[in-house]
Protein chains: 2
Amino acid sequence: MLNETLTAAPRSCGDCPIQHRAVCARCDADELAQLDKMKYYRNFEAGQTLIWAGDRMEFVGSVVSGIATLTQTMEDGRTQMVGLLLPSDFVGRPGRGVAPYDVVATTDMVMCCFRMKPFEAMMEATPHISQRLLQMTLDELDAAREWMLVLGRKTAREKIASLLSIIARRNSTLHLEQPTGQIVFDLPLTRDAMADYLGLTLETVSRQVSALKRDGVIELEGKRHVTVPDFHRLLAEAGDDSDGGMLV
Amino acid sequence: MLNETLTAAPRSCGDCPIQHRAVCARCDADELAQLDKMKYYRNFEAGQTLIWAGDRMEFVGSVVSGIATLTQTMEDGRTQMVGLLLPSDFVGRPGRGVAPYDVVATTDMVMCCFRMKPFEAMMEATPHISQRLLQMTLDELDAAREWMLVLGRKTAREKIASLLSIIARRNSTLHLEQPTGQIVFDLPLTRDAMADYLGLTLETVSRQVSALKRDGVIELEGKRHVTVPDFHRLLAEAGDDSDGGMLV
DNA sequence: CCCATTAATTGATCTGCATCAAGGTTCACG
DNA sequence: CGTGAACCTTGATGCAGATCAATTAATGGG
C-alpha cells in the first residue's frame, strides 16, 4: 500500500481525511459550519517546531497529515518524548495559556487550527466537542499508561519491539486492517527519536534493531522500511500478551 | 497537622469532603439529586483489590477518602504502577466494559460509586459532568507525562526526590498551602509500592531514601514520617526547574 | 509477652545499558 | 564527481541499578 500523504489542506470538511476520527467527528453540519469560522490550515515542514514549551498558546487543533512529537526537556538537556501525534490527534489544551511541551514536526505536516477563544466558547456550548475530546483524551491516557509500563519495566529489546508493534498497529488500524501475519511499514522516526521515545540512547536503539534483524524478528530495507514476517512473534518479543487483545 | 481521615461515607453531598474537586464539582442541586439516585458508597480495606484487570466493570466512581493504586502486570510478573488515586480522583471509564488495570487500596478507603449504565446516560445528557471529567482527565494526562519523564530519564535518586516532591505538593495543595520551606507528611506507600511507581527495585528505593536522609535532604521518623527541611532543595534533587512553577 | 509475619535496611556481586570513540552510509548540493 | 552533513552502526569500557543474600526493625495475634 502506497503512502499517499496529503500535503495540502482539504478543500472542505467533507474532503477531510480525518473527519471521522478528529475532535469534530461527532459534530453535525451546523456545528461544522460554526467551526469553519474559527479554523485555518497551517503547513509545517519536517523538523520545524510548532510550539515551544513555555510559549503562549495561540491555537489548538488537529493533525490532518504528517507526524509530530511532544517532548519534555530537563535543564541539563535530557529529553523524553511524551506524545506521538498522528493524523486526527489533537494538539493543545483548551483553557491553558502556556504550552508545557515542545511540539515538533518529524515530517511535513498539515494542521487544522482553531483560534483558542472561540473554540473554548464553543466547547462550553456544544457538548459534542467536549464529549469527543473526552474520548480522545481517555484513549491518550491509556496509551500513556501503556507507555509507562514500557519505560519503567521493559528491557531495551522489549522496548524496541513494543515501539515497532505500536507503529505497526496504528498503521494497520489506519488502513482498517487487522494486524496479522506479515506487516510492512516505514518507520516515522529517526533512531534518535526512537531513543527519546523509549528512554534509551540512540546507540542502544541501533544495537537492538540490529539484533532483532539478526534474529529474524524483523527485516530491514534501508534504515526505515520494516517488514514484520510474524506479528505475533513481535508481540512476544515485546513481552505483551500472546493473544493480541486489541485495546484500540 | 493531623490526618483526620474520613472513614465513613458522608451523609450527603453537602458534607462531602471532595465535593469541589470530584466529577460532580460543577453539578447543580438538580444534577446532584439525579446522581444521588444512582450512587452508593462502598468501603474497602487496606490491601483489598477493588478491581482486577480483565474483570467486567460494574461501576465508576470517586475516591472519597484513602488511597488506591492503578497497576499493570506483565505475564512474567513484572509490575508498573500507572496511577495513584487520591481523594477526588475518578475511577473507571464510562463506556468501557472491562478493566485494563488492577485497582488496589493501599489504605482503608471510601468510594462514591455510580452504576455504569445510568451514569453513562447522564453523561450524554449533562454537559457539566463530561466537561468536568475532561478537565480531570487532561490533568491526569499531564501527570502521566511528567511521570514518563521520571521513568525514562531520571536517575534513581532523582526518581525518589521526584516522588517525594509530588506527594509533598499534593498534600499541601489538599491543605491549601503553598509548598515552601519546611514540609511534613506521611508516605502513603510502602518501599515496594514506591519501587513499583518509579520502575525501580525496593532495594534501590531503600538505599536512595537512606542516601537522601544521610545528605540532609529529608529527615525520617520511623519509616513513613517525612520532614523536608527545604522544599527547593528537594526540587533541585529531583532535577526539576529551580523556580517551582506550579502547574496544578 | 512471645513468636510469626511483613516491611525495611544493608552488603556483595553481577549485568544491561550508557558512555566514549571510530567508522560507514546516504543524500543534497556545489 | 566530490564534499559535507546528517544519520546510522559497531566496538570497547565503565557504572548505576538489579539481583542475591543476610540481618534488623515493626506489627499483630494467640
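Quick caveat: nothing in here was measured; it's all calculated off a predicted structure. Residue numbers start from 1 in every chain, and the chains themselves are labelled A, B, ... in the order their sequence lines are given, proteins ahead of strands.
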Any residue meeting side chain to side chain donor-acceptor pair (under 3.5 Å) with B:Asp139, in chain and number order, not counting sequence neighbours: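 Here the qualifying residues are A:Arg93.
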Atom pair CZ/OG1 of B:Arg78 and B:Thr73 - distance to nearest 0.5 Å: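 Interatomic distance, B:Arg78 CZ to B:Thr73 OG1, rounded to 0.5 Å: 11.5 Å.
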Approximate separation, where rounding is to 0.5 Å, of B:Arg224 CZ and B:Phe185 CZ: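 The distance works out to 12.0 Å.
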Sorted by first residue and then second, give each salt bridge (Lys or Arg N to Asp or Glu O under 4.0 Å) pair with at least one member in [range]; sequence neighbours left out.
range	result
residues 212-222 of chain A	A:Arg157-A:Asp215
residues 41-61 of chain A	none
residues 81-92 of chain A	A:Asp89-A:Arg170

Distance, rounded to the nearest Å, where A:Leu202 contributes CG and D:dA6 contributes P: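 In whole Å, D:dA6 P and A:Leu202 CG are 15 Å from each other.
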Whole-Å gap separating P (D:dC7) and CG (A:Asp192):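 Taking atom P of D:dC7 as the reference, CG of A:Asp192 is at 8 Å.
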Within-4.5 Å side-chain heavy-atom neighbours: A:Asn43 and A:Asp108: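 Heavy-atom side-chain distance check fails, nothing below 4.5 Å.
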Heavy-atom side-chain contact between B:Ile51 and B:Phe59 under 4.5 Å: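 Yes, close enough: below the 4.5 Å cut-off.
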Who passes salt bridge (charged side-chain N to carboxylate O under 4.0 Å, His left out) against [X], sequence neighbours left out?
X	answer
A:Glu140	B:Arg145
B:Asp102	none
A:Arg233	A:Glu237

Backbone N/O of A:Leu138 and side chain of B:Thr137: donor-acceptor pair under 3.5 Å: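 Side chain of B:Thr137 to backbone of A:Leu138, a donor-acceptor pair under 3.5 Å: no, none is there.
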Inter-axis angle, terminal five-pair segments of the helix from C:dC1-D:dG30 to C:dG30-D:dC1 [nearest 10°]: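 Angle reported: 30°, given to the nearest ten degrees.
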Interface with DNA chain D, restricted to residues 210-221 of chain A and to heavy atoms under 4.0 Å: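 Residues of residues 210-221 of chain A that come under 4.0 Å of DNA chain D are, in numerical order, A:Ser210.
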Boundaries of the chain A footprint along DNA chain C (any atom under 4.0 Å from a heavy atom):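 Taking any atom under 4.0 Å from a heavy atom of chain A, the span is C:dC17 to C:dC20.
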Where protein sits on nucleotides 15-30 of chain D, one letter per nucleotide: B base, S sugar-phosphate only, - none, heavy atoms under 4.0 Å: --SSBB-----S----
Residues 189-201 of chain B, side-chain donor-acceptor partners within the protein, below 3.5 Å, at least two apart:
from: B:Thr190; atom 1: OG1; to: B:Asp192; atom 2: N; distance (Å): 3.4
from: B:Thr190; atom 1: OG1; to: B:Ala193; atom 2: N; distance (Å): 3.0
from: B:Arg191; atom 1: NH1; to: B:Lys223; atom 2: O; distance (Å): 3.4
from: B:Arg191; atom 1: NH2; to: B:Lys223; atom 2: O; distance (Å): 3.1
from: B:Asp196; atom 1: OD1; to: A:Arg153; atom 2: NH2; distance (Å): 3.4
from: B:Asp196; atom 1: OD1; to: B:Thr79; atom 2: OG1; distance (Å): 2.8
from: B:Asp196; atom 1: OD2; to: B:Thr79; atom 2: OG1; distance (Å): 2.8
from: B:Thr201; atom 1: OG1; to: B:Thr204; atom 2: N; distance (Å): 3.3
from: B:Thr201; atom 1: OG1; to: B:Thr204; atom 2: OG1; distance (Å): 3.0

